[in-house]
Amino acid sequence: MISKITSAEMAVQQEYMKKVAELNAQRAQPPVAHVHSFGCQQNVSDGEKIKGMLAMMGYGFSSSPEGADLVLFNTCAVRENAEDRVFGNLGALKKAKHQYPDMLIGICGCMVQQEHITQRIRRSFPHTDIIFGTHVLHTMPQIIYEAMTTRKRQISIPDCDGVIAEGIPLRRESTLKASIPIMYGCNNFCTYCIVPYVRGRERSRDAEDIIRECRELVQGGCKELLLLGQNVNSYGKNIGTSFSELLKRINDIDGEFRISYMTSHPKDATRELVDTIAECEKVTRHFHLPVQSGSSRILKQMNRGYTREQYLELIGYVRERLPDVALTSDIIVGFPGETYEDFCETLSLIKQVGYDSLFTFIYSPRKGTKAAEMPDPISAEEKGRWFRELLEVQQEIGCSSYRSYVGQTLRVLCEGEGRTDPSLLTGKSRQNIIVDFDGSKELIGSFVDVKITEALAWALKGKIV
Ligand code: SAH
Ligand code: SF4
Ligand code: F3S
């Protein structure tokens with residue numbers, strides 16, 4: 001069952017925040033926390049809540065675990081290498097905990113929603129003080145209070161379908177760009193994916209709560225609102241509204257700002273949605289439509305709910321209605337049972353679509369998912385070869401798509417100093433493409449028109465018009 005956390009329950013957590021703040025005020029030095037969020041934007045957004053609550057509890061923040069009074073890893077379970085990194089980081093803290101036994105070490109997020117992972121942490125990482133799952137993030141103040149006062153290990157991983165908790169304090173990473181979760185969880189059960197198991201069932205926030213948050217952000221000077229969900233296209237299904245309606249209402253907020261969204265599932269991306277995006281002048285011209293594979297046979301095995309042909313038809317409509325759109329996608333190479341012929345269909349699809357860029361992954365078996373039980377005869381070396389072939393093909397496609405912007409004038413949100421050359425400014429176009437250009441620092445935070453003069457591998461260069 002999905003539950004909405006009541007304001008009374010949130011008030012209890014407020015009290016715990018105060019209690020921890022009082023304990024922290026007695027320290028000789030103000031305490032410092034190191035919080036690291038792995039994984040997707042959803043996790044980064046949870047990290048902003050974690051930091052918001054910690055700030056209320058009197059913590060300052062450090063970018064490294066060294067010397068921190070509290071270290072918290074907000075973890076991702078989507079692929080094995082994500083989990084390995086966390087275990088590596090956790091192991092590296094053993095010595096520090098031995099030297100400073102007062103240090104609190106915590107682990108939360110998607111990884112710990114898996115029974116076999118928590119067992120491993122309990123067994124092999126006894127210096128971990130706090131373990132809590134994705135559904136009890138809002139109770140972190142209580143968990144930390146108990147850990148501080150009892151000095152006993154705190155474990156809180158209830159098995160439930162998920163919650164919606166409004167009113168958690170936030171410490172945003174940026175004043176210019178803000179992430180706004182509009183829904184949580186996933187019901188799609190793609191056969192390779194762990195997310196539905198660790199994030200619970202799909203649930204949408206009330207439109208009014210989202211609009212209020214967006215309005216406040218825009219009034220506070222925010223220039224880009226990133227709407228988050230594992231499948232934003234199914235926003236509002238149970239509350240009688242739709243993603244299209246939500247986009248229109250946010251688009252109606254006064255001011256110059258952008259609306260972006262992540263992620264769209266192709267099976268739920270309707271023509272109506274594409275039409276809405278075309279009508280909404282504030283919505284970005286960047287469509288991330290993860291295809292995963294170009295082979296209908298593999299798509300069926302993946303339980304994606306569309307065929308190659310249906311996907312290409314959707315892309316055709318997107319290109320027709322949004323001629324200046326940038327398309328990106330996720331691809332999995334080496335799904336169980338995939339043959340080289342299937343893989344070649346992926347290559348032909350990416351050539352046909354002409355993506356601006358791709359996020360590419362080698363399949364990683366996830367315990368408990370259907371795909372992990374499927375026969376997987378292709379060797380890791382072979383999959384590695386296919387993967388490199390894919391990267392090469394995409395590099396050429398990406399370069400030619402970037403070159404097509406040369407000569408065009410793009411509206412760019414200026415975000416800061418250039419990454420490679422600090423004498424330049426950098427920002428993002430409406431297509432979500434990085435643009436570097438000459439200009440004075442006062443422009444940071446505003447929109448400027450830039451004429452593109454050069455295409456680099458991962459960015460464009462230009463001059464202010
Ligand atoms: N909800 C989003 C994102 C899910 S995770 C979506 O549906 O697109 C982001 C990406 O990780 C997925 O799109 C997929 O390409 C990749 N991924 C998920 N599980 C994986 C696995 N077991 N092995 C390799 N890549 C995986
Ligand atoms: Fe995973 Fe599929 Fe849900 Fe995306 S839509 S989170 S890939 S199960
Ligand atoms: Fe990873 Fe959890 Fe996101 S598994 S990709 S952090 S939802």
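In what follows, every heavy atom counts, from backbone to side chain, and hydrogens, waters and symmetry copies are set aside. Read the numbers this way: they start at 1 and go in the same order the structure lists the ligands and their atoms.
Of the N or O atoms in H265, none lie within a sub-3.5 Å distance of an N or O in ligand 1. Of the polar atoms of R79, at least one N or O is found under 3.5 Å from an N or O of ligand 1, judged by distance alone. For ligand 1, the polar-atom distance check against Y363 finds no nitrogen or oxygen pair separated by under 3.5 Å. Every N/O-N/O distance between R366 and ligand 1 stays at or above 3.5 Å. Remark: ligand 1 and S364 share an N or O pair separated by less than 3.5 Å (distance only, no angle test).
Annotation: protein N, O or S atoms under 2.8 Å of atom 2 (Fe) of ligand 2 (waters excluded) comprise C190 SG.
Atom numbering of ligand 3 starts at 1 in the shown order; those under 4.0 Å from a heavy atom of C76 are 1 (Fe), 4 (S), 5 (S), 6 (S). The atoms of ligand 3 that sit less than 4.0 Å from any heavy atom of C40 are 3 (Fe), 5 (S), 6 (S), 7 (S). Each of the atoms 9 (C), 10 (C), 12 (C), 13 (O), 15 (O) of ligand 1 lies under 4.0 Å from some heavy atom of D330. Applying the 4.0 Å criterion to heavy atoms of C110 picks out, from ligand 3, the atoms 2 (Fe), 4 (S), 6 (S), 7 (S). Atoms of ligand 3 lying under 4.0 Å from any heavy atom of Q230, numbered from 1 in the order shown and given with element: 7 (S). For ligand 3, the atoms lying closer than 4.0 Å to a non-hydrogen atom of N43 are 6 (S). Near P290, with a cut-off below 4.0 Å to any heavy atom, the atoms of ligand 1 are 8 (O). The contact set between ligand 1 and Q292, taken as ligand atoms under 4.0 Å from a residue heavy atom, comprises 8 (O), 12 (C), 13 (O), 14 (C), 15 (O). For ligand 1, the atoms sitting less than 4.0 Å from at least one non-hydrogen atom of T263 are 2 (C), 6 (C), 8 (O), numbered in the order shown with element in parentheses.
Residue contacts with ligand 1, taken as heavy atom pairs separated by less than 4.0 Å, involve V78 via backbone and side-chain atoms alike. The side chain of F361, and not its backbone, has at least one atom closer than 4.0 Å to an atom of ligand 1 (non-hydrogen atoms only; side chain from C-beta on). The proximity of I362 to ligand 1, defined as any non-hydrogen pair under 4.0 Å, is limited to the backbone. Contacts between R304 and ligand 1, counted as non-hydrogen atom pairs separated by less than 4.0 Å, involve the side chain only.
H288 and T328 share a donor-acceptor pair across their side chains, judged by distance under 3.5 Å alone. Using modelled atom types, one finds no donor on one side chain facing an acceptor on the other under 3.5 Å when comparing N303 with T191. For E389 and Y340, the side-chain atoms include at least one donor-acceptor pair closer than 3.5 Å. A side-chain donor-acceptor contact under 3.5 Å links Q431 and S429. With hydrogens and angles left out, the side-chain atoms of Y317 and D275 include a donor and acceptor closer than 3.5 Å. If you check the side chains of R308 and S348, you find a donor sitting under 3.5 Å from an acceptor.
When atom types are taken as modelled, the side chain of K49 and the backbone of I168 share no donor-acceptor pair closer than 3.5 angstrom.
The local environment of CD in E9 is crowded, with over 12 non-hydrogen atoms from other residues, nucleotides or ligands closer than 6.0 Å. Annotation for E396: atom CD does not count as buried by contact number, only 12 or fewer foreign heavy atoms lying within 6.0 Å.
Given atom 4 (S) of ligand 3, the protein heavy atom at minimum distance is A77 N, 3.2 Å. Ranking the protein heavy atoms by distance from atom 7 (S) of ligand 2 puts Y192 OH, 3.4 Å first.
Taking 4.0 Å as the cut-off, V195 does not count as a neighbour of ligand 1 on heavy-atom distance.
For the atom pair T75 OG1 and N89 CG, the distance stands at 11.5 Å (nearest 0.5 Å).
Both cation-pi conditions hold for K94 and F125: the charged atom is under 6.0 angstrom from the six-membered ring centre and inside a 45 degree cone around its axis.
Aromatic ring pairs are classed by plane angle as parallel below 30°, tilted from 30° to 60° and perpendicular above 60°; the pair F73 and H36 is perpendicular.
Ring-centre distance between F243 and Y261: below the 6.0 Å cut-off.
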